[in-house]
Number of protein chains: 2
Amino acid sequence: MAALYHHPAPEDITLLPLLRAVADPVRLGIICHLHGLKEANCTTLLRGRPKSSMSHHFQVLREAGILHTRVEGVQHRNTLRLDVLEDRFPGLMASILRECPTEFPEKD
Amino acid sequence: MAALYHHPAPEDITLLPLLRAVADPVRLGIICHLHGLKEANCTTLLRGRPKSSMSHHFQVLREAGILHTRVEGVQHRNTLRLDVLEDRFPGLMASILRECPTEFPEKD
DNA sequence: CCTTTTGTTCTATCAACATAGAACAATGAA
DNA sequence: TTCATTGTTCTATGTTGATAGAACAAAAGG
């Protein structure tokens with residue numbers, strides 16, 4: 001596994017990549033789930049999807065500045081960077097999280 | 001031209017299609033420009049792009065519930081549905097419009 | 001009627017991206 | 001060391017969607 005992840009600095013988080021990252025049903029599900037759980041690893045949110053797919057989505061969210069990954073032993077714990085995002089784009093995540101479905105969908 | 005456009009009712013505007021509509025550089029530019037101009041027709045925002053491309057983007061924005069098109073003679077005037085969007089997703093458009101670039105980019 | 005302007009629809013093409021299997025890497029435990 | 005667990009990386013595949021030309025449609029004016 002990569003020893004380190006790169007988390008963009010707040011000033012390097014830009015709107016368009018952030019919107020593109022959020023505008024996907026699986027990633028929106030991850031966001032909502034993380035909002036509820038506060039912290040979760042990749043496997044916890046698989047829901048029948050392959051690990052490689054989920055790993056990809058976590059990467060997109062990470063590079064967009066939406067979540068932070070902390071390595072703890074063999075697990076990688078992810079949290080939303082809500083404080084940073086609120087600072088950078090006030091009200092944006094709040095308006096999205098307010099709409100949070102319901103349930104993180106199973107695959108299919 | 002189509003005699004009528006279909007504008008989704010506020011309760012039929014959902015988050016994911018809205019985010020997908022906004023998460024495009026050209027459409028984000030249209031939104032920001034409309035925010036400044038209050039009203040504009042398709043041709044006004046061409047910026048060297050073909051009409052068919054812009055017409056497509058206006059359609060996506062319309063079907064996502066983001067803008068309203070009013071036919072006036074041969075021109076179709078577009079406005080943001082800010083009141084509806086604010087009602088449906090409080091703070092969302094505000095946080096996006098706050099980031100409005102700058103300038104609507106020329107093609108290339 | 002003919003022409004101009006505006007914008008849509010049709011169609012094709014191309015690129016970006018989501019999906020997913022397989023191999024690999026890293027940690028911890030037996 | 002050996003094995004299991006976790007997650008990444010590589011690679012291929014398939015689908016979605018943006019781009020754009022061409023034909024079409026509707027309105028207004030001559």
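These numbers come from the heavy atoms of this one structure, side chains and all, not from hydrogens, waters or symmetry mates.
- Contact annotation: B:H56 side-chain N/O to D:dA18 OP1/OP2 distance is under 4.0 Å.
- Not a single donor-acceptor pair, N or O on each side, falls under 3.5 Å between the base of D:dA18 and the side chain of B:S53.
- Positionally, the nearest nucleotide of DNA chain C for A:H57 lies more toward the 5' end than for the other of A:E72 and A:H57.
- The distance between atom CZ of A:F58 and atom C1' of C:dA18, rounded to the nearest whole Å, is 16 Å.
- Residue B:N78 contributes atom CG, which lies 8 Å from atom P of C:dT8 at whole-angstrom precision.
- Side-chain atoms of B:K51 lie closest to C:dT6 of the nucleotides C:dT27, C:dT6, D:dT19.
- In the set D:dT6, C:dT9, D:dA18, D:dA18 carries the atom at the smallest distance from any side-chain atom of B:R27.
- Each of A:L37, A:L34, A:T44 was scored for a side-chain contact (heavy atoms from CB on, under 4.5 Å) with A:N78, with one residue passing: A:L34.
- The aromatic ring centres of A:Y5 and A:H68 sit 6.0 Å or more apart.
- Closest contact between the side chain of B:N41 and the listed nucleotides D:dT8, C:dT6, C:dT19 involves C:dT6.
- Distances from the side chain of A:P50 to the nucleotides D:dG7, C:dT27, C:dA20 place C:dA20 closest.
- Straight-line distance from the CZ atom of A:R20 to the P atom of D:dT16: 16 Å, rounded to whole Å.
- Between B:F58 and B:I30, some side-chain heavy-atom pair lies under the 4.5 Å cut-off.
- With hydrogens and angles ignored, no donor-acceptor pair under 3.5 angstrom links the side chain of B:S55 to the base of C:dG7.
- In this structure, CD1 of B:I30 is placed 11 Å from P of D:dA18, rounded to the nearest angstrom.
- Across the protein-nucleic acid pair, A:L46 atom CG and D:dT6 atom P stand 9 Å apart, rounded to whole Å.
- Rounded to an integer number of Å, the gap from CZ of A:R49 to P of C:dA20 is 8 Å.
- Comparing B:R62 and A:S52 against DNA chain C, the residue whose closest nucleotide sits nearer the 5' end is B:R62.
- Residue A:T69 is the one, among A:T69 and B:V60, whose nearest nucleotide of DNA chain D lies closer to the 5' end (criterion: closest heavy atom).
- Rounded to whole Å, the distance from CZ on B:R77 to C1' on C:dT8 is 18 Å.
- Here A:E11 contributes atom CD and A:D87 contributes atom CG; the two are 10.5 Å apart, rounded to the nearest 0.5 Å.
- B:H7 places a side-chain N or O within 3.5 Å of a backbone atom of B:T69 that can act as its donor or acceptor partner.
- Note: OH (A:Y5) to P (C:dA26) measures 12 Å, nearest angstrom.
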